[in-house]
Amino acid sequence: MSSNYKSNVNNGVCFMKTTVDNVCIKGNSYLISTSNIVTDISNDLLELIGYSKDDIVDKDLCEVFSKLLRLHRKAFEQIDIKNNIECYIFTKSLEVREVLISLLQGQDVKSNIYTIVENPNSRLNDKLIFVENLFKENISGVAVFSVPDLILLKTNQKYLDFIDSPYYSMENSIGKAVREVILGYEESQVEVIWNTILETQKARYRKGLVTNKFAREITYWDSYITPIFDNGKMKYIFINKREVTERVVARQEREELEKVIQYQNEEKTNRASELNVANIELAFQNEEKINRASELNVANIELAFQNQEKENRASELNVANIELAYQNEEKENRAAELIVANIELAYQNEEKENREAELIVANKNLEVEISKHKKAEEEITKHEKAEVVIKKLNDELEKKNYELNKVIEMKDEFISLISHEFKTPLTVINSAIQAMEVICKKDLSDKAKGFLNKIKKNSNRQLKLVNNLLDITRLNAGHLKVNKKIFDIVVLSRSITESITIFAEQKNIKLSFSSTLGKKVIGIDDEKYERILLNLLSNAIKFTPVGKSITVKVFQKIFEGKCKVCIQVRDEGIGIPQDKQELIFERFGQVDNSLSRQAEGAGIGLHLVKMLVELLGGEITLESKERLGSTFTILLPIEKAKETPIEHMIKEISDNRLIQAMNIEFSDIYI
Ligand code: ADP
């Protein structure tokens with residue numbers, strides 16, 4: 001089919017092959033547009049460009065030419081001006097077609113008819129058949145550009161790999177001018193080269209080019225740019241680029257290496273010459289060494305001799321050392337002894353210091369003592385003087401005492417005499433009363449009996465006083481004798497206590513007796529013991545208020561290492577003030593007069609009791625608290641005496657004497 005066109009064009013014959021809107025179209029390859037929209041396209045043209053009718057019809061005319069047919073913008077603009085232009089379009093598979101585009105005006109003003117006829121024998125593939133393999137192998141980058149517009153007509157991917165984004169794909173680069181696809185082309189080295197080729201029309205070979213002006217990293221490539229002529233006219237430029245980065249880098253590295261090796265070689269040469277010098281120096285030193293060695297030999301012989309000498313000295317030294325060690329040991333022993341001696345000395349010093357301190361203290365004490373002594377001596381002289389005076393006074397006192405004792409004796413004798421004088425009529429009165437009670441009991445009226453009772457009581461009181469006075473004077477004169485008999489002190493005490501029950505009952509006082517001892521037989525003067533106990537009991541009754549109680553207790557106690565019998569009389573009476581507790585044992589000692597008035601006592605009972613207790617070898621103590629009561633305790637020694645038959649003992653206790661004694665002792669208690 002293409003051969004038909006060829007012949008037609010070549011012959012310059014216009015075939016009226018078809019008419020469109022009565023317009024004669026030359027040839028069968030055309031495209032019609034109305035208002036810049038493609039309305040029709042011939043089948044021949046479709047066959048040429050490889051598109052289908054649907055791809056083209058109803059599309060914008062500009063879009064069809066520039067985007068689908070890739071007609072260069074510059075050419076497209078010229079269609080309207082020139083009516084006929086030679087240019088390149090591209091098929092759907094991006095193969096270039098060299099065509100003649102003519103524009104015919106249709107009947108309608110808005111209609112255009114474009115005939116697009118391929119130039120005969122213009123196919124690039126046919127012309128560059130010898131490099132076709134280069135395109136296919138894709139080992140080196142190859143490309144064909146048009147002259148003079150430098151439009152990329154054919155290339156392979158390897159070439160496009162040298163081109164920056166987005167033009168490294170066929171789709172984006174085919175049909176575009178070189179200045180469009182190579183970024184930074186303007187005023188670059190590349191532009192200079194291209195222009196030079198266009199001017200000189202000579203091939204150019206560039207080796208190891210560095211692409212450092214473009215956006216890509218540095219790469220090295222060899223580039224062959226060859227103009228291709230058609231009918232003696234430069235029509236294409238063929239480029240063959242081969243990346244040699246690896247080779248260049250390897251060469252550069254090799255060069256670097258060579259430089260290093262050369263440097264090392266130089267260094268080696270320098271070292272060698274240095275070594276040479278060093279060797280000469282060494283040889284010299286060796287010679288020196290040999291000289292030294294021979295000197296050393298001599299020195300060694302000398303040294304050996306000296307060593308021998310040394311050894312001799314050493315053995316001498318050894319002996320000396322042993323001697324020294326022995327001396328050292330001796331020294332150490334001495335030192336140890338010295339240390340011990342020092343310690344001893346220190347101890348002795350300490351002792352000495354202590355002694356000294358003690359001595360100082362003793363001296364001071366002595367000084368004090370001496371001064372005291374002096375004072376004492378002074379005192380003694382004073383004393384001696386005083387003693388003379390005292391002796392004088394004592395002599396006088398003794399004289400006075402003697403006189404006083406005489407007076408007291410005389411007084412006691414007088415009291416004794418008076419008492420006796422009192423006692424005789426009293427005894428007569430008492431006997432008369434007793435006789436009256438026994439003999440005239442029935443004849444006496446109650447009134448007379450009352451008077452008689454009063455007389456009896458008062459005579460008894462008188463008798464008590466007289467007896468007491470007599471006993472005291474006898475005791476003082478040492479005439480009162482102790483008459484000890486064997487008694488069970490428990491039985492004796494209980495009998496005496498029980499004998500006064502009547503008085504206690506009449507005053508509503510609870511009287512009780514207790515003993516921790518079942519039986520205790522001792523030698524005792526029962527008469528005097530009776531007087532003692534009755535006296536204490538009569539005081540207890542006298543000074544104990546109605547309703548309270550009196551207790552008599554007998555027990556045993558160890559006192560001053562000896563076993564003693566204790567008789568305790570405890571009352572819940574008015575008690576005795578602390579300051580009066582000694583006074584009441586003195587003759588005429590009373591707590592106060594009101595008491596004596598109340599109880600009509602003379603204040604000599606306890607004095608006599610004390611004297612009697614002491615006569616029996618015992619002692620009496622008092623514990624008392626005001627308003628709480630008093631406790632009199634008698635401690636009697638446990639003594640042996642002449643045996644007395646028990647019956648006799650019991651008879652004696654129940655004797656009238658006790659009743660009589662009790663009556664006398666209790667005569668001053670008003671019931
Ligand atoms: P008097 O004959 O006055 O009783 P006493 O020598 O027996 O003499 O007693 C001396 C004084 O001791 C009494 O006047 C009394 O004040 C006091 N006295 C003795 N016994 C008791 C006692 N049990 N309770 C309180 N006072 C006592």
Side-chain angles (χ1 to χ4, degrees), residues 415 419 422 426 457-476 493 496-497 500 503-504 507-513 528-553 566-615 619-634 661-671:
I415 290 171
S419 299
F422 272 121
L426 277 172
K457 278 210 161 183
N458 278 294
S459 68
N460 274 343
R461 277 185 63 198
Q462 202 67 33
L463 201 61
K464 179 185 174 184
L465 180 66
V466 168
N467 281 345
N468 284 350
L469 283 170
L470 271 175
D471 285 346
I472 286 168
T473 48
R474 272 190 217 140
L475 271 166
N476 281 342
S493 305
I496 297 165
T497 308
I500 62 129
F503 294 98
K507 210 181 167 183
N508 196 22
I509 286 169
K510 193 186 163 205
L511 178 68
S512 55
F513 176 86
K528 295 187 177 57
Y529 179 67
E530 241 169 52
R531 299 274 308 272
I532 292 164
L533 198 53
L534 281 173
N535 206 307
L536 292 178
L537 283 167
S538 81
N539 275 345
I541 296 257
K542 251 197 274 180
F543 299 106
T544 299
V546 174
K548 297 280 177 181
S549 58
I550 296 167
T551 317
V552 178
K553 210 192 227 175
C566 288
I567 302 98
Q568 208 170 58
V569 179
R570 171 172 297 179
D571 64 56
E572 293 176 345
I574 59 170
I576 301 156
Q578 185 72 36
D579 58 327
K580 297 282 179 2
Q581 286 179 9
E582 270 186 31
L583 176 85
I584 56 164
F585 288 107
E586 286 171 17
R587 201 190 293 184
F588 310 116
Q590 287 181 318
V591 174
D592 67 45
N593 290 334
S594 63
L595 282 179
S596 69
R597 252 181 266 120
Q598 177 207 339
E600 304 285 333
I604 54 169
L606 284 176
H607 178 65
L608 183 66
V609 164
K610 193 171 187 257
M611 288 179 90
L612 288 173
V613 169
E614 282 167 3
L615 189 73
E619 55 186 282
I620 183 165
T621 55
L622 164 65
E623 274 177 78
S624 181
K625 271 192 179 154
E626 273 186 291
R627 292 185 301 280
L628 290 178
S630 312
T631 303
F632 288 89
T633 307
I634 303 159
M662 179 200 66
N663 280 333
I664 295 167
E665 216 53 66
F666 279 74
S667 59
D668 51 358
I669 296 175
Y670 295 100
I671 303 164

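For the single chain, residues carry numbers from 1 onward in sequence order. Numbering of ligands and ligand atoms starts at 1, following listing order.
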**Student:** With a cutoff of 4.0 Å, is K542 in contact with ligand 1, counting heavy atoms of the residue only?
**Tutor:**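 Under 4.0 Å: yes for K542.
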
**Student:** Excluding sequence neighbours, so at least two apart, what forms salt bridge (charged side-chain N to carboxylate O under 4.0 Å, His left out) with E626?
**Tutor:** none

**Student:** Polar-atom distance check: F632 versus ligand 1, any N or O pair below 3.5 Å?
**Tutor:**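 For ligand 1, there is no N or O atom that lies under 3.5 Å from one belonging to F632.
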
**Student:** I576 heavy atoms, cut-off 4.0 Å: which ligand 1 atoms fall inside?
**Tutor:** 25 (C), 26 (N), 27 (C)

**Student:** Test side chain to side chain donor-acceptor pair (under 3.5 Å) on N467 and R531; report intermediate values, then the result.
**Tutor:** CA-CA 11 Å; N467 281 345; R531 299 274 308 272; over 6 Å; no

**Student:** Of all the atoms in ligand 1, which lie at a distance below 4.0 Å from a heavy atom belonging to I604?
**Tutor:**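 Under 4.0 Å from I604, ligand 1 has these atoms: 6 (O), 8 (O).
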
**Student:** Mind checking whether F632 and S624 have side chains closer than 4.5 Å, heavy atoms only?
**Tutor:** no

**Student:** Give the atom numbers and elements of ligand 1 that come within less than 4.0 Å of a heavy atom of D571.
**Tutor:**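 In order of number, 23 (N).
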
**Student:** Does any part of the side chain of I620, heavy atoms only, come nearer than 4.5 Å to the side chain of F585, both counted from C-beta?
**Tutor:** yes

**Student:** Extract all donor-acceptor atom pairs below 3.5 Å that involve side chains of residues 566-578 and protein atoms in other chains or at least two apart in sequence.
**Tutor:**
unit_1 : atom_1 : unit_2 : atom_2 : d
Q568   : NE2    : T633   : OG1    : 3.3
R570   : NE     : T631   : OG1    : 3.2
D571   : OD1    : G573   : N      : 2.8
D571   : OD1    : S630   : N      : 3.1
E572   : OE1    : S549   : N      : 3.2
E572   : OE1    : S549   : OG     : 3.3
E572   : OE2    : S549   : OG     : 3.3

**Student:** Heavy atom to atom 5 (P) of ligand 1, shortest distance: which of L606, N468, I584 holds it?
**Tutor:** L606

